[in-house]
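Quick notes on the structure that follows.
Every number for a ligand or one of its atoms is a count from 1 in the order of the listing.
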Amino acid sequence: MGLHIWAIGAGYVGLVSGACMARLGHRVHVMDVNVDRIAMLQAGGCPLHEEGLPELLAEQRAAGRLSFHDHLPDSLADVDAVVLGVGTPQHPITGRADLTYLDAAFRDLLPRLGPDTVVITKSTVPVGTAERLAAWMARARPDLEGHTASNPEFLREGTAVADFLRPDRVVGGARTARGREVLQTLYAPMEAQGVRVFLTDTKAAELSKYASNAFLAAKIAFANDVAALAESLGADAGPALEAMGMDSRIGPQFLRPGPGYGGSCFPKDTAAMAAVGQDSGTVQYIVEAAIRGNHKAQERVAGRVADLLGPDVKGKKIAVLGLAFKPGTDDARDAPVLTIAPRWIAAGATVVGCDPAAAQTVAHLVPGLHIAPTAWDAVEGADAVVLMTEWPDYARLAPSALRARMAPHAVAADLRRAWDKNSLLAAGFDRVYRLGDGTI
Ligand code: NAD
Ligand code: UGA
């Protein structure tokens, strides 16, 4: 028998988790305070650009296992689990996780909880949060037994549904036997398919999430340093990193150099881990270096593109293909373009961007950025074309066709190493920059 669940927050994590938990056979109510988002979901729409999600929402609604709500019911007494998936953004001053939304959601839940309801935190939260919520519960509801649990989520945007249903592992942290039982039942269908469900205590589960994101961010920052080194030594970082990744102790993933990591999680979670390290007197040297390296990587590639255009970018037109922080998503939170494009605009360039999903969002975030409906429109008469996000449609564009639409002395910059170097050179660009390739 499936569990009865309320998922709080209908964002990338809350909505995807809710729909996937319904797919596992549980009865799931997704709740969000954003009434427009809930109205859209109730009307059969999907507010996120995420592969497979619209189909999954429709399938699970039709099966009667998934519903959407803009408020909580008076009582959650018969509910097995409440899964918190609200945002925990970076606090603008302290750099730590801002728990305003999480605490507000928990405050609303408290009077409604039943004796067997487990409050599971899926949002990324500081170590000790499950303990803190249990202590809060003990004060506000001494009749309850403090069933709080941690279940960090490791899905990536763009592949969120597949990542949720076929993860490398599920991590759960429980404080009580009931919490452990609910976590086990929640993921039993996945465990039956061979997924490892790793249960531990709540602090270890919470720490595993920050440590994983920080490690992946550091791996990318390392690859970006190797790319910069390769450029200055006249080597190509691509095959070097590929050779490195063949060592099974290192592995090939997250070694692709680029214009710096972005997104709603790596920047904020590395900042939070570094801040907690500072506060607790246990400086996180690697994480701090990754953060610094990431800023430098963005600054460096912005400069490399400007250098391609000659002594001055003033009056030049730069076409930017891809604005989302990665392909497959409409999310632009901390996308590299948000720090890179303003540098060119401030130096007097006209910057025209395009993106299949994130164009309007980025247009609101970068004053002075022009938006073109397609890549062809963006490059029309441009002096430079920059591949910022490797959307498959942009990676497939023929350099010669791009070149034909551009200004006489046009240059090309491939910040994702997704285009073929020889085709770029053969297309007749005056100068070509392929990130990490010092052999050009
Ligand atoms: P999001 O901004 O997409 O969604 C958060 C949602 O919570 C919003 O729709 C908001 O309206 C809603 N909300 C806020 N307060 C609420 C309340 N009191 N009651 C009900 N709903 C409320 O955020 P996200 O990207 O899904 O991230 C959520 C959490 O999951 C964060 O802690 C994040 O670090 C973590 N996480 C995110 C990802 C990802 O890929 N985005 C992956 C793993 C973990
Ligand atoms: C990341 C993690 O991969 C997820 O496991 C985690 O759950 C999530 O953060 C989170 O906590 O929110 P996500 O941010 O969706 O997922 O996307 P990633 O695929 O990790 O990419 C993050 C950034 O790193 C992107 O800007 C991407 O372009 C960049 N990246 C990634 C590289 O520059 N090189 C790589 O090799 C990989």
Point to revise | Contact check: Arg416 vs ligand 2, nitrogen or oxygen atoms, below 3.5 angstrom | key: yes
Practice item. Could you tell me the residue and atom name of the protein heavy atom closest to atom 30 (N) of ligand 2, and the distance to it rounded to 0.1 Å? Key: Ile220 CD1, 3.4 Å
**Study point:** ligand 2-proximal atoms of Phe266, by part, heavy-atom distance under 4.0 Å
**Key:** side chain
Check your understanding: At a non-hydrogen distance cut-off of under 4.0 Å, which region of Lys219 contacts ligand 2 (side chain, backbone, both, or neither)?
Key -> neither
Point to revise | ligand 2 to Glu157 polar contact by distance, N or O atoms, under 3.5 Å | key: yes
Review point. Do Arg65 side-chain atoms and Glu59 backbone N/O form a donor-acceptor pair below 3.5 Å?
Key: no
Revision key, fill the gap. Quick look: Val13 vs ligand 2, heavy-atom contacts under 4.0 Å, and the answer is neither
**Study point:** Sub-3.5 Å N/O-N/O distance, Ser264 and ligand 2
**Key:** no
Exercise for review: Please write down residue, atom name and distance for the protein heavy atom closest to atom 11 (O) of ligand 1.
Suggested key: Asp32 OD1, 2.7 Å
Revision key, fill the gap. Ranked by distance from atom 3 (O) of ligand 2, the top protein heavy atom is Arg156 CG, 3.2 Å
**Study point:** Polar contact flag for Tyr261 and ligand 2 (N/O pairs, less than 3.5 Å)
**Key:** no
Check your understanding: So is there a nitrogen or oxygen of Leu155 less than 3.5 Å from a nitrogen or oxygen in ligand 2?
Key -> yes
Review point. Can you tell which part of Thr329 has a heavy atom less than 4.0 Å from ligand 2: side chain, backbone, both or neither?
Key: neither
Revision key, fill the gap. Heavy-atom proximity to atom 10 (C) of ligand 2 ranks first, among Ala335, Pro267, Ser212, Cys265, for Cys265
Check your understanding: For atom 19 (O) of ligand 2, what's the nearest protein heavy atom and its distance?
Key -> Lys326 NZ, 2.9 Å
Review point. Hey, does the Lys NZ or Arg CZ of Arg333 hover above the aromatic six-ring of Phe325, less than 6.0 Å from the centre and inside 45° of the axis?
Key: no
Review point. Any idea which protein heavy atom is nearest atom 30 (O) of ligand 1, and the distance to it?
Key: Val13 CG2, 3.5 Å
Exercise for review: Tell me which protein heavy atom sits closest to atom 32 (O) of ligand 1, plus the residue, atom name and distance to 0.1 Å.
Suggested key: Thr88 OG1, 2.5 Å
Review point. Would one find an N or O of Gly262, backbone or side chain, under 3.5 Å from an N or O of ligand 2?
Key: yes
Point to revise | Location of contacts on Lys268 toward ligand 2, heavy atoms closer than 4.0 Å | key: neither
Review point. Looking only at side chains, do Lys268 and Thr124 share a donor and an acceptor under 3.5 Å apart?
Key: no
Review point. For atom 42 (C) of ligand 1, which of Leu155, Asp163, Ile8, Asn34 has the closest heavy atom?
Key: Leu155
Review point. Heavy-atom distance to atom 14 (C) of ligand 1: which of Trp6, Phe266, Tyr101 wins?
Key: Tyr101
Review point. With only distance considered, is Arg333 within less than 3.5 Å of ligand 1 through an N or O on each side?
Key: yes
Revision key, fill the gap. A student comparing Ala10, Gly11, Gly85, Gly9 should find that the heavy atom closest to atom 28 (C) of ligand 1 comes from Gly85
Review point. Do Lys209 and Asp269 sit within salt-bridge range, that is, some charged N less than 4.0 Å from a carboxylate O?
Key: no
